[in-house]
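We count residues from 1, following the sequence as given.
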Amino acid sequence: MDGHDLKQLIKVLRRSKDDDQPLLIHVVTQKGKGYQPAEDHPDHFHGVAPFYIESGAQKKESGIAAGKVAARELAELAESDIRICAITAAMPNGTGMDEFQRVHPERFFDVGIAEEHAVTMAAGMASQGMKPYVAIYSTFLQRAYDQIMMDVCRNGLPVTFLIDRAGLIGADGATHQGVFDLSYLRSIPDLIVAAPRDIRDLKKLVELSREVNAPMAIRYPRDIEDMGPGIQSQRDFAVGQWELLSAGSDVMIFAVGHMVQLSMQAAIELMGKGISAGVVDARFVAPMDLNMLREQAGKVRLVVTVEENVISGGFGEGVLEALSAAGIGVPVMTLGVPDRFIGHARVSQQLEACGLTPQGIARSVHKRWQALGEAGR
């Protein structure tokens with residue numbers, strides 16, 4: 001029946017409740033019904049993101065689609081590596097993997113809305129010598145937790161997960177916020193978990209993953225920026241290696257992914273308050289760079305972790321565990337997404353609400369620093 005005929009739909013549903021036998025009602029709807037731009041491009045109107053009504057063009061926040069950056073880099077690597085293939089679950093456009101599909105259609109597989117199957121299929125391919133990349137949104141990858149653990153990681157298979165929409169993603173709503181992946185992935189043994197701070201790092205991590213003979217996850221936001229050449233921009237990445245971006249004598253901020261740039265800005269804010277804060281790009285959440293963590297934590301009076309993930313089970317808790325095991329008693333402040341479901345809004349508004357803007361981070365650190373000073377007196 002026509003799912004857009006509300007009166008008829010209500011009539012049928014009321015009549016069906018009195019039926020005493022199994023009944024199947026096939027309701028047919030069209031995504032974006034009544035709005036031509038949405039009817040023509042339903043994939044662009046998945047959520048309730050703001051758009052220009054006249055043209056249907058979306059009002060995007062700053063940045064470049066990270067999924068497309070990863071897909072283009074992967075397609076280029078696949079030119080010289082016949083092992084590489086890409087798998088997605090009904091999201092070739094959303095994950096940017098249509099870029100890979102266009103160049104290597106024979107090595108691209110869309111399994112439909114079946115994330116569990118996508119992961120198990122990748123495990124089978126990897127066991128036979130292929131190098132599969134599974135591109136899935138962070139929130140949807142939760143469905144395949146068991147397959148990641150038992151089919152891929154337990155067997156040590158070189159499957160790489162390209163986790164799109166990690167962190168706060170704006171107006172797609174509470175069901176789509178990718179703020180749990182660091183917690184659920186960090187619990188899996190032998191899984192490498194990385195988060196690039198910008199476009200350059202994302203490309204280098206995809207390139208590094210080709211040489212890694214182990215399960216690996218690269219998580220990145222919907223939109224990503226270019227922070228410019230870093231201190232180690234010419235160096236190759238090594239698994240588990242962090243990068244000291246700026247030194248600090250009072251506070252050391254260990255930031256993950258998108259939070260690195262915001263933490264650098266927060267450090268400048270703190271400088272204006274008389275607090276010397278350094279920043280470390282903790283691009284590998286697992287394994288951690290324990291040498292750098294111990295070295296830098298031992299130099300300051302306060303350690304701060306910043307992540308676009310729920311605090312419970314996240315990167316910050318990993319830092320607490322590592323410092324406790326090393327017998328380093330420096331106070332640790334964990335900043336991240338509150339342990340609640342985040343509703344839809346612009347990303348900038350969500351960051352503000354979670355205290356993860358540069359001003360919010362600086363404000364929280366300053367307050368804690370003042371508390372430490374009061375305790376010292």
| Hydrophobic clusters join Ile, Leu, Val, Met, Phe, Trp and Tyr when side-chain heavy atoms are under 4.5 Å apart, directly or via other members; which others share one with Val103? | none
| request: Please name all residues satisfying side-chain contact (heavy atoms from CB on, under 4.5 Å) with Ala282, sequence neighbours left out, ordered by chain then number. | output: Trp242, Val256, Phe315
| note | Residues passing the side-chain contact (heavy atoms from CB on, under 4.5 Å) test with His4, sequence neighbours excluded, are Asp2, Thr29, Gln30, Lys33
| Linking Ile, Leu, Val, Met, Phe, Trp and Tyr by side-chain heavy atoms under 4.5 Å, what else ends up with Ile10? | Leu6
| query | Under the 3.5 angstrom rule, does the side chain of Asn309 hit a backbone N or O of Leu182 as a donor-acceptor pair? | reply | yes
| request: Sort and list the pairs that fulfil salt bridge (charged side-chain N to carboxylate O under 4.0 Å, His left out) and have at least one residue in residues 130-143, not counting sequence neighbours. | output: Glu115-Arg143
| query | Could you go step by step and tell me if His258 and Tyr220 meet the ring-ring contact (aromatic ring centres under 6.0 Å, His included) rule? | reply | CA-CA 8 Å; His258 176 223; Tyr220 43 83; over 10 Å; no
| Got a sec, which residues hit salt bridge (Lys or Arg N to Asp or Glu O under 4.0 Å) with Asp198, two or more places apart in sequence or on another chain? | none
| query | Which heavy atom in Val319 sits nearest to a heavy atom in Met288, and how many Å separate them? | reply | N-CE, 3.5 Å
| said: Test of understanding: with side-chain contact (heavy atoms from CB on, under 4.5 Å), list the residues that count as partners of Ala122, not counting sequence neighbours. | reply: Ile87, Pro132, Val134, Val159
| said: I'd like to know if Glu99 pairs up with Arg72 as an ion pair, taking the criterion as any Lys NZ or Arg NE/NH1/NH2 lying under 4.0 Å from an Asp or Glu carboxylate oxygen. | reply: yes
| message | By the salt bridge (charged side-chain N to carboxylate O under 4.0 Å, His left out) test, which pairs, at least two apart or in different chains, include something from residues 310-331? | response | Arg186-Glu321
| Who else is in Ile25's hydrophobic cluster (ILVMFWY, side-chain heavy atoms under 4.5 Å, direct or via others)? | Met1, Leu9, Val12, Leu13, Leu23, Val27
| note | For Asp110 and Phe108 the tightest heavy-atom approach is CB-CE2, 4.0 Å
| remark: CD (Glu225) and CD (Gln261) are apart, to the nearest 0.5 Å, by 5.0 Å
| task | Could you note down all residue pairs passing side chain to side chain donor-acceptor pair (under 3.5 Å) where residues 144-159 supplies at least one of them, sequence neighbours left out? | result | Thr120-Asp151, Tyr145-Ser187
| request: Would you please name every residue forming a side-chain contact (heavy atoms from CB on, under 4.5 Å) with Glu295, sequence neighbours left out? | output: Lys299
| note | Contacts of His104 meeting ring pair (Phe, Tyr, Trp, His ring centres under 6.0 Å) (sequence neighbours excluded), chain-then-number -> Phe100
